[in-house]
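In what follows, a structure is listed as structure tokens, so that the remarks can point back to it.
Proteins come first, then strands; the chains are lettered A, B, ... in the order of their sequence lines, and each starts at number 1.
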There are 2 protein chains.
Amino acid sequence: MSSSLKEVAARAGVSARTVSNVVNGSARVSAQTRQRVQEAIDELGYRPNLAARSLRAGRTGIIGLAIPELHSPYFGELAGLLVDEARRRSWTVIIDQTHGDAEAERRLLTGDGGRVMDGLIISPWALEAQDLATTAPSLPMVLLGERSPQGMADRVAVDNVAAADEATTHLLTLGRRRIAAIGLQPHLQNGTAEQRAEGYRRALRRAGVRPRPEWERAVGSLHRREGARAMAELLDGGTAPDAVFAFTDELALGAMHMAHTRGVRVPEELAIVGFDDIEDGRFSHPTLTTVSPDKRQIAARALQCLADRIYSPDNEVPASDLTIPHRLVVRGSTSGTQAH
Amino acid sequence: MSSSLKEVAARAGVSARTVSNVVNGSARVSAQTRQRVQEAIDELGYRPNLAARSLRAGRTGIIGLAIPELHSPYFGELAGLLVDEARRRSWTVIIDQTHGDAEAERRLLTGDGGRVMDGLIISPWALEAQDLATTAPSLPMVLLGERSPQGMADRVAVDNVAAADEATTHLLTLGRRRIAAIGLQPHLQNGTAEQRAEGYRRALRRAGVRPRPEWERAVGSLHRREGARAMAELLDGGTAPDAVFAFTDELALGAMHMAHTRGVRVPEELAIVGFDDIEDGRFSHPTLTTVSPDKRQIAARALQCLADRIYSPDNEVPASDLTIPHRLVVRGSTSGTQAH
DNA sequence: GTGAAAGCGCTAACAG
DNA sequence: CTGTTAGCGCTTTCAC
């Protein structure tokens, strides 16, 4: 179907070695020879076979990205940034969706089905620290989020406790005291959710407000639908909250939707803060106050870590644990103005 | 680093052939031998090297997906569906973002940098039909959207003219007559935008309304920001429209945002229809009326086409041109109720 | 500056 | 049922 290096060599009247040199620029080739080879390449439409090259090199130039789902503004945006950053490093990215399925995550980690990837960036969801530790890491790996057992792999994440604390404190500063939280995931032992809950409670306690379990709402997923459902439960409960801290923007937008549906005014009667700073929140009505992690930096750091591990012969580099900066972006859902 | 088939064979005291048979189940192996081999595999943590396998097989099991950007609800969702569908067919997906860059699209088409992918699904944006035709397709390819020169590659798309007509007709049915359109991209010769504009004009004419050029607003991108900008221009213009058909939901949500900012009530003073049926539109305030393409079917059909081309030895199968069904979903932005 | 040849890890055709 | 072996297309050490 497609011509090989050998055919190019034959046509140009040189050896395979020389063609290889021309293609890779790996050694000096006389201008004349180079041109003859280049012509042969063009005429034959030669493209190097990457499988062969990888087999030789022991590397594929492909890294894996495993995320719960592409269909999610946060992960979609992050994936986009990671793909761009990878491209800058001449890597291609294979994307896998785990859908929060433990089996899918484990399969990826063990490299079941064969080695294609030089490294893996994974945002574990269903797998617990325990599992991650026992599942031998068969390849360089960077974890996004809160599930790294110490020292097992590099980790890149924001300080969720501090961020949640800030978000909650912001609501307290507005004079709100009946502050609910939406987004707990008790069945998952999900590190992220637990840490955001911890920051939420910490802020409440510091302000002398006692956390009320009935205002900590669990969700089955992080989609808008679940945020809406949780909000409905809160509004149907005994005392209605006057503020909500949602653990993701999607949940927050779902909650806001339900507030509108029930005729509850935002932010007057109900202030809302989200987490992630997705695009939607900048154009919702009202616009959404949120914790904004530096996603660009998450992508850059994750790839830097991976590159270090892949290119460093020394396998004993201690795992790094990078904390990415974040900031609270105040918008309409917690202030009178529709600040952008 | 990782053990090879040969090592496994040595440890199990069999030949490479037998190990290969065990791994692939390609021939009958005695239960006893199988077990011995399996033990060796487990002990050594053997994983087949896919580069070698691909080199041998002439196939990689990897397909490419090239879209303008992952960071976009529509493409993110579509990419997710395609990845899942590919997985069902035991393919892995390499994702590339073109960012609407003609050069990036061309590079992909020519397979510059080497052959890794068995096939490519591409949603061309910047490249014109002309370019696509002249750029020799070096691999099986399916085009998503409106840019296929006839017969060059398979194409999967909705009937944009009909869909835009329906959307506009819906607005006319509500009694609106000053209907603007947001989303033209004249500089791109973009087939999709042109076809939606055509459907829009056709519906207007059929209803005896003369299309007004100043109500056809061009955008630089399909993001919410541009929708907001275009809406602002419309509101600042001479006669304000009483309805807007935006060529994507993101543009529609941007327009809606601007309407809110300017105190224009939706849908009372301004009805809005979008296109794509992204998740955000189901939870916006008000919820967004939109044209909903059957994305699941787009994904399924695109992969079916690709599979046919990859597995069919006959290269002369005529290119198919599949039209995917769509439907108009009426929600709050064009009706009094907040219908979900 | 260029050629010859070995071999990356795997599969499959050919023996036995 | 299992062993032997020849490449897949490329890079690279060793010669010239």
What nucleotide among [options] has an atom nearest to a side-chain atom of [X]?
{"X": "B:P48", "options": "C:dG9, C:dT11, C:dC10", "value": "C:dC10"}
{"X": "A:S15", "options": "D:dC10, C:dT2, D:dG3", "value": "C:dT2"}
{"X": "A:L55", "options": "C:dG3, D:dC1, D:dG9", "value": "D:dG9"}
{"X": "A:R17", "options": "C:dT11, D:dT13, D:dC10", "value": "D:dT13"}
{"X": "B:V14", "options": "C:dT2, C:dT11, D:dG3", "value": "D:dG3"}
{"X": "B:S4", "options": "C:dG9, C:dT11, D:dC10", "value": "C:dG9"}
{"X": "A:A16", "options": "D:dG3, C:dC10, D:dT11", "value": "D:dT11"}

Does [X] have a side-chain nitrogen or oxygen under 4.0 Å from the phosphate oxygens OP1 or OP2 of [N]?
{"X": "A:T33", "N": "C:dT2", "answer": "yes"}
{"X": "B:T18", "N": "D:dG3", "answer": "yes"}
{"X": "A:S20", "N": "D:dT11", "answer": "yes"}
{"X": "A:N49", "N": "D:dC8", "answer": "no"}

Given [options], the one that forms side-chain contact (heavy atoms from CB on, under 4.5 Å) with [X]:
{"X": "B:L70", "options": "A:L81, A:V83, A:D84", "result": "A:V83"}
{"X": "A:L144", "options": "A:D154, A:L78, A:I324", "result": "A:L78"}
{"X": "B:V142", "options": "B:L303, B:L306, B:L322", "result": "B:L306"}

Separation of [X] atom [atom1] from [N] atom [atom2], in whole Å?
{"X": "A:Q35", "N": "C:dT2", "atom1": "CD", "atom2": "P", "result": "13 Å"}
{"X": "A:L5", "N": "C:dA4", "atom1": "CG", "atom2": "P", "result": "14 Å"}
{"X": "B:N21", "N": "D:dG3", "atom1": "CG", "atom2": "C1'", "result": "11 Å"}
{"X": "B:K6", "N": "C:dT11", "atom1": "NZ", "atom2": "P", "result": "14 Å"}
{"X": "B:L50", "N": "C:dG9", "atom1": "CG", "atom2": "P", "result": "13 Å"}
{"X": "A:Q32", "N": "C:dG1", "atom1": "CD", "atom2": "C1'", "result": "12 Å"}
{"X": "A:R36", "N": "C:dG1", "atom1": "CZ", "atom2": "P", "result": "15 Å"}

### Query
Salt bridge between B:R106 and B:E103, side-chain N to carboxylate O under 4.0 Å?
yes
### Query
Would A:R88 and A:E85 pass as an ion pair if we require N to O under 4.0 Å?
yes
### Message
Using side-chain heavy atoms (C-beta onward) and a distance below 4.5 Å, is A:S15 in contact with A:T18?
### Response
yes
### Query
What nucleic acid atoms does A:R53 come within less than 4.0 Å of, heavy atoms only: base, sugar-phosphate, or nothing?
sugar-phosphate
#### Entry: End-to-end axis angle, where each axis spans five pairs of the helix from C:dG1-D:dC16 to C:dG16-D:dC1, to 10°
40°
#### Entry: Whether over 12 other heavy atoms sit under 6.0 Å from A:R296 CZ
no
### Query
Is the count of non-hydrogen atoms from other residues, nucleotides or ligands lying under 6.0 Å from B:R87 atom CZ greater than 12?
no
### Message
On DNA chain C, does the nearest nucleotide to A:R56 precede the nearest nucleotide to A:V29 from the 5' side, or the other way round? Give the residue.
### Response
A:V29
### Task
Map B:A52 and B:R34 onto DNA chain D by nearest heavy atom, then report which one ends up closer to the 5' terminus.
B:R34
